[in-house]
Amino acid sequence: DEELTYIVDTVSFTFSAVSQSFASLLGYEEGELLGQPFQMVLAQEFVQRSLRIFRTQNQPVTVVEQLYRKKDGSHVATIDSMRYDGSQCR
């Protein structure tokens with residue numbers, strides 16, 4: 001099984017890479033997400049909290065619950081392990 005992986009640029013908050021498994025979970029093709037804003041796939045109530053985590057993160061790894069909005073409008077909950085390395089979150 002391929003990991004559900006994505007990389008977000010923490011300056012622009014856009015996807016710079018996504019795994020096919022992550023894209024498929026949300027009903028997208030990889031290319032549909034690349035360069036798009038991360039908040040595009042978050043449930044509305046999780047957007048501000050997630051952006052705040054990106055802006056204030058000072059630990060190398062954080063585990064957070066996310067609620068993603070799929071392409072068809074339905075939602076899927078995950079537990080994400082976020083790794084920070086300067087300007088990117090993995």
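Worth saying up front: this structure is predicted, and the values here are computed from it rather than measured. Along the sequence shown, residues are numbered consecutively beginning with 1.
How far CG of L4 is from CG of L26: 8.5 Å, rounded to the nearest 0.5 Å.
Checked against side-chain contact (heavy atoms from CB on, under 4.5 Å), E45 has the following partners two or more places apart in sequence or in another chain: A43, L67. Qualifying side chain to side chain donor-acceptor pair (under 3.5 Å) partners for E30, counting only residues two or more places apart in sequence or in other chains: none. For F13, the ring pair (Phe, Tyr, Trp, His ring centres under 6.0 Å) partners are F54, not counting sequence neighbours.
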Before giving the answer on side-chain contact (heavy atoms from CB on, under 4.5 Å), spell out for F15 and V41 the whole-Å C-alpha distance, their side-chain angles and the decisive distance to 0.1 Å. CA-CA 10 Å; F15 287 105; V41 299; 3.7 Å; yes
Run L33 and F22 through side-chain contact (heavy atoms from CB on, under 4.5 Å) and show every step you take. CA-CA 10 Å; L33 293 176; F22 178 76; 4.2 Å; yes
Mind running side-chain contact (heavy atoms from CB on, under 4.5 Å) on E29 and Q20 for me, showing each step along the way? CA-CA 7 Å; E29 295 294 325; Q20 182 57 54; 4.0 Å; yes
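Judged purely by atom type and a 3.5 angstrom limit, S19 uses its side chain to pair as donor or acceptor with the backbone of T5.
Taking each heavy atom of L34 and A17 in turn, the nearest pair found is CD2-CA, 3.5 Å.
With contacts defined as side-chain heavy-atom distances shorter than 4.5 Å, the pair V8/T14 does not qualify.
Under the 4.5 Å side-chain contact rule for hydrophobic residues, L42 and V76 share a cluster.
Note on residues 66-78: pairs passing side-chain hydrogen bond (donor to acceptor under 3.5 Å, both in side chains), not counting sequence neighbours, are Y6-Y68, E32-K71, R49-Q66, S50-Q66, Y68-D80, D72-S74, T78-D80.
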